[in-house]
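The model shown is predicted, which means the values in this text are computed figures rather than measured ones.
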Amino acid sequence: TMFASLMVLVYEAAAFDIIYLGRILPAVGKEALVFPYMLVFNTLWGLAVWSFAAAHVSDPGVVPRQWHEFVTSSGRSLAVVPARLEWQPGKATLCRKCGTPRPERAHHCHICGICVLRMDHHCPW
């Protein structure tokens, strides 16, 4: 999926740089705007690609072994509830895919096949 996403970003940059900056702006007599537009667009495009790549290759943070040890040592004093779509503050939930307890904000990633602590910073989709 990363390859397809990068190809979309490359196509977007090529279309803007070649078609808009190379053909459309000069055709309407606005050659003076080509360099500033190119500088701003390509800087923002580079930052977007960098952010996408950083999110894709960074470690998402799996549920640590200490969490599983804590859950087993707590026994019934820590309530582990079935997972629901809405947020359940302060409650550990049971993953439907792994069958293991997980802390708040942890979600199962179907790409990695593990429960991830901070899913909101893991998957670019």
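Considering all non-hydrogen atoms of both residues, Asp17 and Met38 come closest at OD1-CG, 4.4 Å. Nearest approach of Pro101 to Trp67, heavy atoms of both residues: O-NE1, 3.2 Å. Counting all heavy atoms, side chain and backbone alike, Ser5 lies closest to Phe52 at CB-CZ, 3.5 Å. Taking every heavy atom of both residues into account, His108 and Cys115 meet most closely at ND1-SG, 3.8 Å. Of all the heavy atoms in His68 and Val63, the pair that sits closest is NE2-CG1, 3.8 Å.
Here Tyr37 pairs with nothing under the ring-ring contact (aromatic ring centres under 6.0 Å, His included) rule; sequence neighbours left out. Judged as a salt bridge (Lys or Arg N to Asp or Glu O under 4.0 Å), and not counting sequence neighbours, Arg23 has no contacts.
To the nearest 0.5 Å, atoms CD1 (Ile24) and CD1 (Ile18) are separated by 12.5 Å. One finds the NE2 atom of His107 at 13.0 Å from the NZ atom of Lys97 (value rounded to the nearest 0.5 Å). With rounding to the nearest 0.5 Å, the separation of CD1 in Ile114 from OG1 in Thr100 is 10.5 Å. Expressed to the nearest 0.5 Å, how far CG of Leu25 lies from CD1 of Ile19 amounts to 12.5 Å.
For the pair Leu117 and Pro103, the minimum side-chain heavy-atom distance is below 4.5 Å. Residues Val116 and Val62 form no side-chain contact, since every pair of their non-hydrogen atoms from C-beta on lies 4.5 Å or further apart.
No chain of hydrophobic side-chain contacts below 4.5 Å, direct or via other Ile, Leu, Val, Met, Phe, Trp or Tyr residues, connects Tyr11 to Leu6. A continuous path of Ile, Leu, Val, Met, Phe, Trp and Tyr side chains, each step under 4.5 Å between heavy atoms, connects Phe35 with Trp45, placing both in one hydrophobic cluster.
Distance alone, capped at 3.5 Å, is enough to place a donor-acceptor pair between the Thr72 side chain and the Glu69 backbone.
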